[in-house]
Amino acid sequence: CRCRALLSRPAGRLRARRGLAAGPELHFGFQTVTEEERREKIYQVFESVAKKYDVMNDSMTLGIHRVWKDILMHKMNPSPGTLLLDVAGGTGDIAFRFINYVHSVREQQLQRKLKHHQNLSWQEIFESYQKDKFNSLGDSQVVVCDINREMLKVGKQKAQHLGYSEGLSWVLGNAEELPFDNDKFDVYTIAFGIRNVTRIDLALQEAYRVLKPGGRFLCLEFSHVSNPLLSRLYDLYSFQVIPVLGEVIAGDWKSYQYLVESIRRFPPQEELKAMIEDAGFFKVDYENLNFGIVAIHSGFKL
Amino acid sequence: GRARPSHSEPPDQDGRGGEEEEEEEGWHQLYPGHIPTSPLQKALLAAGSAVMALYDPYRHDMVAVLGETTGCLALPNLRDKMKNHPEGYHILQERPRIRLSSLDMARLQGLPDGSLGREYVRFLEDNKVSPDTRMPPKFVDDEELAYVIQRYREVHDLMHTLLGMPTNMLGEVVVKWFEAVQTGLPMCVLGAAFGPIRLSTRKLQVLATELVPWAIRSGLNASCVLNVYYEQRWEQPVESLREELGIFPPP
């Protein structure tokens with residue numbers, strides 16, 4: 001049982017996972033590489049997949065990734081005025097959803113406010129409406145941070161194409177060493193990104209550092225399916241179909257082979273929970289989506 | 001040799017921290033660029049690449065993948081034809097590659113008009129193509145067969161030269177018909193059958209009445225085109241080579 005193994009020598013295994021005491025050897029999918037090699041290889045993977053990233057996500061998950069991201073946003077339930085940091089946010093999926101969400105919450109707020117202004121003069125209503133209209137996001141802001149230039153490029157193009165401009169900024173940065181001050185953000189998200197970070201422990205520490213007290217950490221990531229039948233079907237699909245899709249749609253077998261292998265190598269739900277707690281977060285919890293194919297981990301900085 | 005498919009099981013759960021012996025890059029790679037695949041993956045690749053090649057004709061990589069995943073009967077056949085022919089055997093031993101770096105372009109250009117080398121260079125220039133754009137094989141699970149398909153791809157431009165066909169859609173289809181008869185590669189057969197879909201009716205007429213019958217007759221009559229050591233015949237006039245092979249003069 002994995003739990004027993006976890007309890008018997010947690011420090012050793014976790015340290016090995018973090019690539020500390022076990023030496024400089026890390027995993028890149030099922031290969032063994034050094035830390036620096038791993039960072040470089042992963043950079044190249046995303047450089048190569050950036051343009052077809054969204055198409056591939058839709059093909060591989062049959063569009064279900066959109067639902068997962070929507071669920072993440074509902075769980076976050078941001079109110080206007082929230083400052084969000086979306087790490088490894090590359091092509092902007094989370095950022096755009098955030099903007100849509102606070103925008104609609106803000107609209108509802110304004111509607112309610114207008115309803116209460118029944119006894120104001122037309123002039124006063126007009127003025128208050130004008131003031132609020134220029135603040136359609138209610139001062140909410142999202143910073144998209146990604147280590148990969150190509151992914152950011154695609155994200156910016158998408159934003160322009162879809163008409164997102166307000167409350168959005170793009171920063172090139174490394175999750176292991178964020179270019180932000182302490183205690184800055186209300187929420188930190190990392191969706192399908194933490195799997196690609198070489199030193200997960202550092203990324204978690206950085207997340208803790210840049211969050212304000214009371215801030216929330218949210219991680220959406222592929223996780224482990226415990227149901228044996230489902231697990232076999234999932235493996236079959238992952239290993240047989242996904243690299244083929246990568247070759248046919250993006251002309252890139254190897255990047256998608258890496259993808260499915262990296263999912264298998266990533267720590268399961270409980271282990272990730274322990275790592276998040278190690279970084280100092282409280283009330284750490286996780287929610288499985290689709291029987292554990294994906295999990296949302298959440299924690300708070302107090 | 002056989003290769004292990006790329007759905008290899010992950011190392012034991014407890015050993016995930018990098019403590020155990022990992023599989024090396026490429027599992028059981030038989031040649032650089034080789035990606036071992038399971039039969040299911042090959043089937044999916046064949047279907048997917050066929051659809052994608054039709055949907056987006058500029059995806060030459062998909063045509064290449066289709067050829068590799070469906071060539072399991074035709075390629076050994078071709079290889080055996082080569083083995084049983086003195087010149088073909090020679091080629092299999094020496095494994096020559098047709099690349100810009102290995103071709104002496106200046107020398108070929110200096111050859112007399114009508115010679116294979118001169119006409120080949122003229123063909124490359126006229127159609128603005130280069131022999132270096134051929135995809136290396138990935139999904140062939142035998143390194144000798146991988147060379148055979150590589151040789152077939154690199155010789156394709158010489159086919160154009162010998163048949164006198166340009167690289168437009170019409171010319172390509174004609175060459176595909178010839179190659180289909182010569183090699184039996186399913187990819188050539190599919191390309192020959194579906195290629196004409198995008199042609200105008202006038203061209204289709206010319207194709208059906210003159211070009212295809214000629215291509216088929218030549219293909220059937222000619223000895224195996226892969227059994228010719230082209231690199232040693234640059235000086236030979238194209239016409240003489242055609243006669244030697246059994247390719248009828250183009251209409």
Participant: If you take all heavy atoms of B/Met52 and A/Ile249, which pair is closest and at what distance?
Facilitator: CE-CA, 4.1 Å
Participant: Where on A/Val260 is there a heavy atom nearer than 4.5 Å to chain B: the side chain, the backbone, both, or neither?
Facilitator: neither
Participant: Heavy-atom distance under 4.5 Å to chain A: side chain of B/Lys42, backbone, both or neither?
Facilitator: neither
Participant: Look at atom CD of A/Glu177 and say whether more than 12 heavy atoms of other residues, nucleotides or ligands are closer to it than 6.0 Å.
Facilitator: no
Participant: What's the verdict on side-chain contact (heavy atoms from CB on, under 4.5 Å) for A/Lys254 and B/Ile35, showing C-alpha distance, side-chain angles and the deciding distance?
Facilitator: CA-CA 9 Å; A/Lys254 297 227 152 136; B/Ile35 298 176; 4.2 Å; yes
Participant: To the nearest 0.5 Å, tell me how far A/Glu247 CD sits from B/Leu44 CG.
Facilitator: 12.5 Å
Participant: Which distance, rounded to the nearest 0.5 Å, do you find between the CG of A/Leu245 and the CG of B/Leu45?
Facilitator: 9.5 Å
Participant: Under 3.5 Å, is there a donor-acceptor pair between the side chain of B/Gln41 and the main chain of A/Phe239?
Facilitator: yes
Participant: Please indicate whether A/Phe291 has more than 12 foreign heavy atoms, meaning atoms of other residues, nucleotides or ligands, lying under 6.0 Å from its CZ.
Facilitator: no
Participant: Just wondering, are more than 12 heavy atoms of other shown residues or ligands nearer than 6.0 Å to CG in A/Leu230?
Facilitator: yes
Participant: Counting C-beta onward and ignoring hydrogens, is there a side-chain heavy-atom pair between B/Arg59 and A/Val248 closer than 4.5 Å?
Facilitator: no
Participant: List in chain and number order the residues that pass salt bridge (Lys or Arg N to Asp or Glu O under 4.0 Å) with B/Glu231, two or more places apart in sequence or in another chain; answer none if no residue qualifies.
Facilitator: B/Arg151
Participant: Would you indicate whether A/Arg232, at its atom CZ, is surrounded by more than 12 heavy atoms from other residues, nucleotides or ligands within a distance under 6.0 Å?
Facilitator: no
Participant: What's the spacing between A/Asp252 CG and B/Asp61 CG if we round to 0.5 Å?
Facilitator: 10.5 Å
Participant: What do you reckon, is CD of B/Glu94 surrounded by more than 12 foreign heavy atoms closer than 6.0 Å?
Facilitator: yes
Participant: Using heavy-atom distances under 4.5 Å, tell me whether B/Tyr55 contacts chain A through its side chain, its backbone, both, or neither.
Facilitator: neither
Participant: Sequence neighbours excluded, which residues qualify as salt bridge (Lys or Arg N to Asp or Glu O under 4.0 Å) partners of A/Asp285?
Facilitator: none
